[in-house]
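Right, one structure below, let's go through it.
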Amino acid sequence: MAILTDTQQSPPDTGQPGPIPGPIVVTVDGPAGTGKSTVARQLAARLGLDFLDTGAMYRAAAAIVIDHQIDPTDTDAVLRIVTDADLHFDWTTDPPAILAWLKPLNKRIRDADVTRLVSQIAAIGPLREHMVMKQRLIAQQHPKLVSEGRDQGSVVFPDALVKFYLDADPEVRAKRRGEQLRAAGRTPASDEVLLQHILLRDARDSTRQQGPLVCPKDAIRVDTGPLSIHQVVDRLEHLVRERIAGTKA
Ligand code: DC
């Protein structure tokens with residue numbers, strides 16, 4: 001057995017804190033309001049991985065459609081303009097900023113009109129194919145990745161080492177959505193209206209033909225309802241490190 005000197009550190013052992021050494025894709029899917037984005041981002045930071053917010057890509061597409069007055073039912077026109085915008089992330093910011101025509105769209109993609117339209121845009125099959133292609137390219141350039149969305153474990157990265165599916169009751173998710181909006185300095189609609197929006201978005205996201213929201217059969221399902229963000233991140237981190245330990249054993 002090789003003897004380690006002071007300057008030769010052993011690689012972080014599995015189960016131990018520290019960045020993950022090799023290429024790895026972890027997927028985090030689930031409906032809106034499960035804390036997915038926050039959890040995935042914090043998980044990526046703890047494991048030393050990059051964080052890909054695929055919802056930001058669909059939101060950017062919706063923002064472009066609105067701002068360029070494209071008819072959202074004209075799928076050819078939608079695909080044409082989104083392809084032309086050449087969506088990219090700026091990986092120097094945290095979280096990475098989404099760019100269209102090299103301009104950041106961060107704030108715009110969280111506006112209420114974008115949130116209302118996005119699930120309709122995300123149901124356009126050829127647009128999803130374009131996004132899936134881009135997401136796989138990103139994973140080639142960022143091979144240590146936590147990728148968050150609706151179809152990351154089921155369609156985009158079916159061979160991901162660890163797949164999570166976060167869930168929570170719609171009422172809990174609606175309440176969280178209201179808190180998120182308040183924290184962002186916005187005035188949310190009533191809990192009841194937020195719940196209706198969540199249910200509508202769930203229905204659209206899970207009934208579309210391509211890349212519907214599903215829990216991949218090999219995913220670990222986590223009910224985030226009774227847990228704090230911190231507890232969810234702890235659990236996911238532990239599970240990832242455990243899985244890596246398992247693959248090395
Ligand atoms: O996670 P989010 O709320 O930012 O997602 C915005 C919308 O994009 C939501 O309606 C679901 C859709 N989406 C999708 O269809 N596929 C993904 N991989 C990510 C998001």
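Whatever order the structure lists them in is the order used to number ligands and atoms, beginning at 1.
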[atom]: nearest protein contact (heavy atom, Å):
{"atom": "atom 20 (C) of ligand 1", "answer": "Gly55 CA, 3.5 Å"}
{"atom": "atom 1 (O) of ligand 1", "answer": "Arg150 NH1, 2.9 Å"}
{"atom": "atom 4 (O) of ligand 1", "answer": "Arg59 NE, 2.8 Å"}
{"atom": "atom 18 (N) of ligand 1", "answer": "Asp151 OD1, 2.8 Å"}
{"atom": "atom 16 (N) of ligand 1", "answer": "Arg128 NH2, 3.0 Å"}

Using a 4.0 Å cutoff against the non-hydrogen atoms of [X], which atoms of ligand 1 qualify?
{"X": "Ser119", "result": "10 (O)"}
{"X": "Lys36", "result": "1 (O)"}
{"X": "Thr54", "result": "17 (C), 18 (N), 19 (C)"}
{"X": "Asp205", "result": "9 (C), 10 (O), 11 (C)"}
{"X": "Arg208", "result": "14 (C), 15 (O), 16 (N)"}
{"X": "Gln152", "result": "18 (N)"}
{"X": "Ala122", "result": "12 (C), 15 (O)"}

Any idea which heavy atoms bring Arg116 and Arg204 closest together, and the distance?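 Shortest heavy-atom separation between Arg116 and Arg204 comes out as O-NH1, 3.7 Å.
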Return the minimal non-hydrogen interatomic distance between Arg182 and Pro188, and the atom names on each side.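 That would be NH1-CG, 3.2 Å.
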Closer than 4.0 angstrom, basic N to acidic O: yes or no for Lys175 and Asp169?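 No, no charged N to carboxylate O under 4.0 Å.
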Output side-chain donor-acceptor pairs under 3.5 Å for residues 28-37, partner residues at least two apart or in another chain, one line each.
from, atom 1, to, atom 2, distance (Å)
Asp29, OD1, Arg150, N, 3.1
Asp29, OD1, Asp151, N, 3.2
Asp29, OD1, Gln152, N, 2.9
Asp29, OD2, Gln152, N, 3.3
Asp29, OD2, Gly153, N, 2.7
Thr34, OG1, Pro31, O, 3.0
Lys36, NZ, Gly30, O, 3.2
Lys36, NZ, Glu148, OE2, 3.2
Ser37, OG, Glu148, OE1, 3.0

Polar contact flag, side-chain donor to acceptor under 3.5 angstrom, Glu129-Gln210: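 Yes, side-chain donor-acceptor contact under 3.5 Å.
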Run the salt bridge (Lys or Arg N to Asp or Glu O under 4.0 Å) check on Asp53 and Arg59 step by step: do they pass? CA-CA 10 Å; Asp53 172 3; Arg59 285 175 175 273; over 6 Å; no
Using heavy atoms and a threshold below 4.0 Å, how should the contact between Arg201 and ligand 1 be classified: side chain, backbone, both, or neither?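 The answer is the side chain.
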Using a heavy-atom cut-off of under 4.0 Å, does the side chain or the backbone of Gln120 touch ligand 1, or both, or neither?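 The answer is neither; Gln120 stays 4.0 Å or more away.
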Residues two or more places apart in sequence or in another chain: which of them pass side chain to side chain contact (heavy atoms under 4.5 Å, CB included) with His142?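 Testing His142 for side chain to side chain contact (heavy atoms under 4.5 Å, CB included), a comparison that skips the adjacent residues, returns Asp50, Trp91, Ile138, Leu145.
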Quick one: does Trp101's side chain get under 4.5 Å of Asp86's, heavy atoms only?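 No, their side chains stay 4.5 Å or more apart.
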Test side-chain contact (heavy atoms from CB on, under 4.5 Å) on Leu236 and Val222; report intermediate values, then the result. CA-CA 9 Å; Leu236 268 49; Val222 177; 4.0 Å; yes
